[in-house]
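Letters A, B, ... mirror the listed sequences (proteins, then strands); counts begin at 1.
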There are 2 protein chains.
Amino acid sequence: MASAGARVPRLVLVGLGALGGGSAVLLLKPGQKPALPTEPGRSDDALPLVSYSAPDRFSGGIAQPTTKWDSNWDQRAPTSLVEPPKGLSEAELKDHAPYQESLSKAKAKARRHLILIRHGQYQLDGATDEQRVLTELGRQQAALTGAQLRRLGLPYTAIIRSSMSRALETSDIIHRELAEAAPPVSTSDLLREGAPIPPEPRLRHWQPGPRRFYEDGPRIEAAFRRFVHRAAPDQERDSYEIVVCHANVIRYFVCRALQLPPEAWLRFSLRHASLTWLTVLPNGRVKLDFMGDAGFMPPEAMTTT
Amino acid sequence: MASAGARVPRLVLVGLGALGGGSAVLLLKPGQKPALPTEPGRSDDALPLVSYSAPDRFSGGIAQPTTKWDSNWDQRAPTSLVEPPKGLSEAELKDHAPYQESLSKAKAKARRHLILIRHGQYQLDGATDEQRVLTELGRQQAALTGAQLRRLGLPYTAIIRSSMSRALETSDIIHRELAEAAPPVSTSDLLREGAPIPPEPRLRHWQPGPRRFYEDGPRIEAAFRRFVHRAAPDQERDSYEIVVCHANVIRYFVCRALQLPPEAWLRFSLRHASLTWLTVLPNGRVKLDFMGDAGFMPPEAMTTT
C-alpha cells in the first residue's frame, strides 16, 4: 500500500534516546546514505530529516518540546556586544564588576515593532519591473492601508521599502496617507522579491530554478539580519518601523524571526497591502502579533493575486 | 564568556552528513547522556534537540529544507481510507483496477475553510467559568466580528464553539449578527482553554503545573484531530466552519496544522475576537490565510488581555 507517507522508506531511528514524548523524528542513520528516490531538482545530500506531524506524540506523559529557542539568535545579547577582559575564567568573569556592569549596560531597553506590509495588487503582465506597477485596486489597497496606519496613530519611526516599483508605489501612497505622521523613508535592494529557500512541501506551479535560490537566498537572509533584531542598548523608546516589501520576503522573515523551519514559509498566504506585525522584545524574544491583517478593507478589495 | 547560546555545551554533531546547507542542528550524540543543567520542572530526558536559528545556513550552496511535510498527516489520504485487497504486492496493487478506482473515489474534492475566532475580552477576576463573562468591550468585539463575517458574505456551514462561558457568549453574539446567514451551532468540550504543550521558550509569568499539560495536552490534540482535517470524499462543496474558542487552542491548532514545532505556539499573539483562517486543501496541504485579523475593529477595541 503506497501511502503518501510511505514515499520515505522506514529508516532506523537513531540517537533519540533522549526524545521522550517529543515530536521530532530523525529519519537518517549516521553514515548511512539512504536509498531515497531523488526528486527532480533536489540533490540526494539535502534530504529532509524531521517531520512535525507527530501522530504518536501523546502516547503517554506530557508532550515536550524538541526544539530549542536560541535567545542570542541576532548576536545582540549583551555577551555578544561586550568583549570580556582577557585571560579570566568564567567564574572570575562572574565576579568581575566592571565587566558585569558593561553587560548590564548592553541590555536592550526598548521594543522594536516591525510592521511588514506587502505591496498592493500589480500588473502581472508587465515585462519589466517598471511595467509591473500597481493596478487601480492596488492603489486603493495601499491607500486603505495607509489610512489604517494613520488610524492606529502610532509614533512611526521609519519607512523602509524594497526598491521594486510596486513596493515604491505602495510606500509612496502610504506615506501620503500618513501625512504629518509620516516618518523618514529609505530604500533597500535587499528587500526585493525573490526565492528565499525551496519550500516544503514544494508547489507544482512555483518551481524557480536553483540559481534563483542561490542568488536570492543569502540576499533575503541578509535583509532579515539587517532589519530584524532586538533594539540597540541606546534605543530609549519603542520603535515602530514600517517595512514595505513582498510576500516571500515577509513570510520568510516570519519563519526566521519565530525560529520556525524556514522552508515552511509557503504555508502562509498574504493578502495585498496586508499588515504583519512582529515585535522584538528587549530580551530577544519575538512575537507575531498578527499576520496578513486586511480586515480594514472592504471584502471586494481583499486579494492575493 | 557565557553567551546565552553557550548555556548548552557544545556537543558533537552526529548523523548530519546528509544535512548539507540545512538549518537543523542536532545537539545529542547517540547513547550519550549529555550533562546539561536541568531546568526546573523539565526532566533530563526531554531535552530540546534542534534549533532553527541557523546562523551558518548560507555558508555555501542553496539552503535546503531539513523538515518534511507529511501529506497524510490527518490519516485521510485515499490510501488510509481504502483497504487494499489482501495478499497483493505493491506492483500488483498498482495494476489492480478496482483498487485504483476506489483510491481515486476516495480523494477529497472540496476545501475546508476553518475560521478560528478567539472569544472577546472577559472578566479576568471571576472565580468560576460562569463568572468569567464578557466585558462590555468583549461584547462589542464579538458584535464587530459577527458583522465582519456577515460582510464577508460566505456560505457558512457550521458554528462550533467551546463550552466555556466566554466562548458561548461570543458565539451567541456572532450568531445574532449573522442573522439569516447563521449556520447550525454545536458545542464541544474538547475546545475549552488549556495548556497544550510546554512552550519554548518558556515564559516566566505563565507556568502551569505538569498536571495541566498532562490533562489538557491530549484533549486539545484530540480537538485538533476532530476538527482539523481534509474534507471527506463525499463533501461536494467548500465548507466554511466558524470555530469560536481560545487563544491557546487556536495557536496550537495553527502550529499543528502547518506542521510547525507545536511548542512554538506561544510565539504567536491573538487579539480578542480576531479571525484566524486555515484552509485545508483536498490534497491535504494546509495554508494559513491570515492570523489574528482584527483590522475591522476601531483601534480602541483591539485588546489581547
Original post:
Does the side chain of A/E200 pick up a donor-acceptor pair with the side chain of B/T67 at under 3.5 Å?
Top reply: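 Side-chain D/A pair, A/E200 to B/T67: absent.
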
**OP:** Quick one: list whatever passes side-chain hydrogen bond (donor to acceptor under 3.5 Å, both in side chains) with A/R211, sequence neighbours left out.
**Re:**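 A/R211 satisfies side-chain hydrogen bond (donor to acceptor under 3.5 Å, both in side chains) with A/E215 only.
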
**OP:** State which residues pass side-chain hydrogen bond (donor to acceptor under 3.5 Å, both in side chains) with B/S102; sequence neighbours excluded, sorted by chain then number.
**Re:**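 For B/S102, no residue satisfies side-chain hydrogen bond (donor to acceptor under 3.5 Å, both in side chains) once neighbours in sequence are set aside.
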
Original post:
Is the backbone N or O of A/T66 less than 3.5 Å from a side-chain atom of B/E263, with the two atoms forming a donor-acceptor pair by type?
Top reply: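 It does hold such a pair.
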
**OP:** Could you give me the CA-CA distance, side-chain angles and deciding distance for B/F268 and A/L258, then say whether side chain to side chain contact (heavy atoms under 4.5 Å, CB included) is met?
**Re:** CA-CA 9 Å; B/F268 299 85; A/L258 299 183; 3.7 Å; yes

Original post:
Is it the backbone or the side chain of A/L281 that comes under 4.5 Å from a heavy atom of chain B, or both, or neither?
Top reply: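 Neither the backbone nor the side chain of A/L281 comes within 4.5 Å of chain B.
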
**OP:** Would you mind checking which part of A/Q148 comes under 4.5 Å of any heavy atom in chain B, side chain (CB onward), backbone (N, CA, C, O), both or neither?
**Re:**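 Just the side chain, heavy atoms under 4.5 Å.
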
Any idea which heavy atoms bring [X] and [Y] closest together, and the distance?
{"X": "A/P65", "Y": "B/I197", "value": "N-CD1, 4.3 Å"}
{"X": "A/A63", "Y": "B/P198", "value": "O-CD, 3.1 Å"}
{"X": "B/P210", "Y": "A/I62", "value": "O-CD1, 3.3 Å"}

Original post:
Contact part of B/L203 toward chain A, heavy-atom cut-off under 4.5 Å: side chain, backbone, both or neither?
Top reply: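 The answer is the side chain of B/L203.
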
To the nearest 0.5 Å, what is the distance between [atom1] on [X] and [atom2] on [Y]?
{"X": "A/L288", "Y": "B/R251", "atom1": "CG", "atom2": "CZ", "answer": "11.0 Å"}
{"X": "A/D293", "Y": "B/S274", "atom1": "CG", "atom2": "OG", "answer": "9.0 Å"}
{"X": "A/R285", "Y": "B/R267", "atom1": "CZ", "atom2": "CZ", "answer": "8.5 Å"}

Subject >> Residue from A/M302, A/M291, A/R271 passing side chain to side chain contact (heavy atoms under 4.5 Å, CB included) with B/F290 >> reply: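 When side chain to side chain contact (heavy atoms under 4.5 Å, CB included) is applied between B/F290 and each of A/M302, A/M291, A/R271, only A/R271 qualifies.
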
**OP:** For chain B, find which of A/R151, A/M297, A/E300 contributes the most heavy-atom pairs closer than 4.5 angstrom.
**Re:**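 Ranked by heavy-atom pairs under 4.5 Å with chain B, first place is A/R151.
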
Original post:
Can you find a heavy atom in the side chain of B/R202 that is under 4.5 Å from one in the side chain of A/W69?
Top reply: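 No - every pair of side-chain heavy atoms lies 4.5 Å or more apart.
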
